[in-house]
Q: 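Mind looking over this structure? Questions follow.
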Amino acid sequence: MRAADTASADPGPLAPITWAVVGDHDQRVVVVDLDADAGERRRVSLAPGEFADHVVQRELASAPRWVWDDTARRYPPLLAAGVRAARSHDLRLSHRILACSADIAAPGALRAAAEWEGGPSPAVAVAAATLFDLAAPTDTTGDIAATLAEFRRQRGALSTARAGSGLHLLAAAESAGALLAAEMHAAGLPWDQARHDAVLEAELGARPPSGARPSQLELLAQRLREQLDDPTLNPDSAVRLLRALHRRGIAVESTSRWELERVEHEVVPTLLEYKRLARLWSANGWAWSDEWVSAGRFRPVYIPAGVVTGRWASAGGGALQIPRGLRSAVRADPGWCLVVADVAQLEPRVLCGMSRDAALAEASRGRDLYEGIVADGAVATRYDAKLAMLGAMYGATTGESGRLMPRLRRTYPRAMAMVDAAARRGEDGAPVSTSWGRTTPDAGATWRATQARASEADASTADILRAKRASRDRGRFTRNFIVQGTAAEWALAWLADLRTRLTAFPEAATAAAASGPVFARRPHIAFFLHDEVIVHCPREHAEEVAEAVRDAAAAAGRLLFGDFPVDFPLDVRIAESAQKD
DNA sequence: AAGGGACGCGCG
DNA sequence: AAAGCGCGCGTCCCTT
């Protein structure tokens with residue numbers, strides 16, 4: 001029974017959704033069913049070993065929404081037991097959203113329950129506690145009474161949300177993301193170790209004994225020592241490298257690539273190549289795969305909302321930084337394939353939707369958004385359009401980007417007014433919010449003290465300059481926050497919808513990784529990076545999966561922006577590997 | 001010896 | 001050609 005794949009038991013839209021609150025009491029797991037008004041209907045007490053079976057039964061019966069303190073703590077053991085949950089409400093993640101949201105009129109009770117604020121990566125803390133055999137975290141938030149109390153506080157806070165607030169959608173999407181994060185970790189990203197090794201050998205030479213530089217890297221280091229006439233140079237030391245460059249009359253202020261690229265000297269190509277290979281070796285070399293890849297899977301730890309804007313972060317293995325050159329190692333299992341999809345120009349389209357800028361929507365519909373901006377005559381080239389748009393969203397003030405950005409104001413005043421207003425509010429120390437109501441953290445006491453100091457009678461020029469800079473820094477942050485944060489919401493909606501759609505697919509005849517989790521026998525999301533997903537699926541379902549990915553994107557757009565005509569075109573590829581041709 | 005900051009670079 | 005948002009992480013190097 002336990003091994004049953006619960007996902008196949010979709011109860012359909014008519015089944016009542018109930019809240020099933022999960023918490024601990026006296027070494028047992030307590031599940032309390034609540035009705036729509038959060039009134040208690042039923043309470044069961046289970047031995048810890050019985051919980052997974054309980055979840056299976058309930059999923060088959062009616063797929064309740066599991067309310068628990070922390071998905072990263074409750075869900076992995078279920079997945080390990082072969083049990084999947086359809087819906088959840090993650091109290092920690094939701095608390096962090098609701099307690100500081102500008103959309104909540106009465107956040108007082110939530111803010112008082114500070115023990116729920118938690119860190120950004122409880123999963124990591126729990127893993128570390130297990131690793132060092134320490135007692136469970138000292139907080140009591142997992143206790144059933146505390147869990148019920150927090151759930152009721154959150155329901156109470158949500159009932160004070162402003163009319164039309166998207167916070168309930170955000171809480172649901174955030175929680176679905178937390179389920180998915182645990183599932184993706186369990187499933188892993190299919191990784192072809194042999195191909196990775198082949199890339200490393202081709203670039204660096206044979207794997208060296210531990211501690212030694214690979215041959216190709218040592219060759220380049222030696223050439224650098226000759227070209228810079230510095231026989232003991234360690235090119236890994238920026239300080240010594242800079243001194244050596246200066247001795248040869250190369251006037252650079254740093255050893256960073258963008259500055260070196262502007263210098264005409266024989267040492268530059270050698271140095272750039274050394275840096276490229278050194279990076280590959282230290283970030284994604286043999287030591288990396290020893291640590292992070294096993295049994296053909298790369299298993300990063302995803303941290304939902306690890307970024308203030310709501311974007312995900314990751315811990316370990318640099319999951320969000322896999323270099324493009326190594327994507328050839330991301331390779332489907334035999335008989336399976338990858339559906340690799342990314343959204344074209346997600347953030348500008350999100351800005352278009354949230355500002356309801358009809359001109360920008362018209363420019364971007366059904367085509368490359370930047371080409372559309374060129375066609376509108378705002379700027380001359382696609383490259384300029386991209387630069388100007390990035391400048392608008394990041395707050396560029398100088399350079400080409402800063403020069404081009406004002407042109408967009410004339411052509412797309414609504415969209416530009418939205419980011420400009422967010423910047424002004426940030427400069428004043430005021431909060432801003434995403435479409436669904438995620439709100440910036442407070443600017444902080446130090447920031448306000450800096451501003452206050454500048455307006456005192458005896459403020460120095462330095463005080464005033466410092467305050468201005470801090471104010472503009474904050475403005476650029478809030479300007480970008482509303483766009484990056486709403487884009488993260490779009491991505492969550494996309495993921496949550498896709499995750500559900502994929503449960504409708506049948507199990508594969510040929511299992512991917514027979515030892516993997518049960519849900520990995522059907523198409524499943526194997527990777528997510530801000531505006532890109534990779535689905536691992538049996539080849540015979542690739543086309544249908546690609547369609548599901550597109551349908552989910554369209555549904556996400558409607559969920560956030562209703563019938564406003566902004567579209568989210570995807571670049572979808574069906575392939576053996578994640579490498580772009 | 002451990003920890004933290006600076007640097008540099010990978011990703012969106 | 002480059003500076004303007006959000007990250008993680010490896011290395012060096014200095015402090016404690």
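A note on names: the letters A, B, ... follow the listed sequences, proteins ahead of strands, and every chain is numbered from 1. What's counted below: heavy atoms across the whole structure, side chains too, no hydrogens, waters or symmetry copies.
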Q: Taking DNA chain B as the partner, which of residues 256-272 of chain A come within under 4.0 angstrom of it by heavy atom?
A: Ser256(A), Arg257(A)
Q: Between the protein and nucleotides 2-6 of chain B, list every N/O to N/O distance that falls short of 3.5 Å.
A:
none

Q: Would you check if there is a donor-acceptor pair between the side chains of Glu489(A) and Ser435(A) at a distance under 3.5 Å?
A: no
Q: Side chains of residues 384-394 of chain A: which donor-acceptor pairs under 3.5 Å do they make with residues two or more places apart or in other chains?
A:
none

Q: Using 4.0 Å as the upper bound for N to carboxylate O, is an ion pair formed by Arg195(A) and Glu576(A)?
A: no
Q: Just the dot-bracket of DNA chain C, please: which string comes out with Watson-Crick or G-U pairs under 3.5 Å, [ ] for crossing, | for another strand?
A: ....||||||||||||
Q: Roughly how many Å is it from NZ in Lys580(A) to C1' in dC11(B), rounded to a whole number?
A: 14 Å
Q: Between Pro190(A) and Leu338(A), is there a side-chain heavy-atom distance shorter than 4.5 Å?
A: yes
Q: How does protein contact run along nucleotides 6-16 of chain C, one letter per nucleotide 5' to 3', with B for base contact, S for sugar-phosphate only, - for none, heavy atoms under 4.0 Å?
A: BSBSSSSS---
Q: Are the charged groups of Arg247(A) and Asp229(A) less than 4.0 angstrom apart, N to O?
A: no
Q: Would you say Arg327(A) places a side-chain N or O within less than 4.0 Å of OP1 or OP2 belonging to dG10(B)?
A: no
Q: Give the rounded distance in Å between these two atoms: NZ of Lys275(A) and P of dC7(B).
A: 13 Å
Q: Apply side-chain hydrogen bond (donor to acceptor under 3.5 Å, both in side chains) to Gln222(A) and list each qualifying residue two or more places apart in sequence or on a separate chain.
A: Arg225(A)
Q: Any residue in residues 194-215 of chain A with a heavy atom nearer than 4.0 angstrom to DNA chain C? Just list them by number, or reply none.
A: none
Q: For residues 419-429 of chain A, pull every pair meeting side chain to side chain donor-acceptor pair (under 3.5 Å), keeping only residues two or more places apart or in separate chains.
A: Arg409(A)-Asp420(A), Asp420(A)-Arg479(A)
Q: Let me check something: any side-chain donor-acceptor pairs from residues 340-354 of chain A under 3.5 Å, sequence neighbours excluded? List them with distances.
A:
from, atom 1, to, atom 2, distance (Å)
Gln345(A), OE1, Arg349(A), NH2, 2.9
Gln345(A), OE1, Leu369(A), N, 3.1
Gln345(A), NE2, Asp368(A), OD2, 3.1
Glu347(A), OE2, Arg311(A), NH2, 3.3
Arg349(A), NE, Ala344(A), O, 2.9
Arg349(A), NH1, Ser364(A), O, 3.3
Arg349(A), NH1, Asp567(A), O, 3.2
Arg349(A), NH1, Asp567(A), OD1, 3.1
Arg349(A), NH2, Arg367(A), O, 2.9

Q: Check the distance between dC11(B)'s C1' and Ile534(A)'s CD1 and give it to me in whole angstrom.
A: 13 Å
Q: Restricting to side-chain hydrogen bond (donor to acceptor under 3.5 Å, both in side chains), what partner residues turn up for Thr309(A), sequence neighbours left out?
A: Gln484(A)
Q: What integer distance in Å separates Arg324(A):CZ from dC9(B):C1'?
A: 15 Å
Q: List in chain and number order the residues that pass ring-ring contact (aromatic ring centres under 6.0 Å, His included) with His196(A), two or more places apart in sequence or in another chain; answer none if no residue qualifies.
A: Trp191(A), Trp288(A)
Q: So, the side chain of His246(A) versus the backbone of Val252(A): is there a donor-acceptor pair under 3.5 Å, distance only?
A: yes
Q: Looking at DNA chain C, which of residues 395-427 of chain A put a heavy atom within less than 4.0 Å of it?
A: Gly395(A), Ala396(A), Thr397(A), Thr398(A), Glu400(A), Ser401(A)
Q: Which distance, rounded to the nearest 0.5 Å, do you find between the CG of Leu245(A) and the NE2 of His265(A)?
A: 8.5 Å
Q: Quiz question: by atom type and distance under 3.5 Å, do the side chains of Trp436(A) and Thr434(A) form a donor-acceptor pair?
A: no
Q: Does a salt bridge link Glu174(A) with Arg96(A), judged by any charged N lying under 4.0 Å from a carboxylate O?
A: no
Q: Just how far, in rounded Å, is P of dC9(B) from CG of Leu277(A)?
A: 13 Å
Q: Over all heavy atoms of both residues, which pair between Ala578(A) and Ile534(A) is shortest? Give the atoms and the distance, please.
A: CB-CD1, 4.0 Å
Q: How long is the line joining CG of Leu241(A) and P of dC9(B), in whole Å?
A: 10 Å
Q: Specify the separation, in whole Å, of atom CG of Asn284(A) and atom C1' of dC11(B).
A: 11 Å
Q: Would you indicate what Ile322(A) reaches in the nucleic acid, counting non-hydrogen atoms under 4.0 angstrom: base, sugar-phosphate, or nothing?
A: sugar-phosphate
Q: For Leu529(A) and dG10(B), what is the distance between atoms CG and C1' respectively, to the nearest whole Å?
A: 11 Å
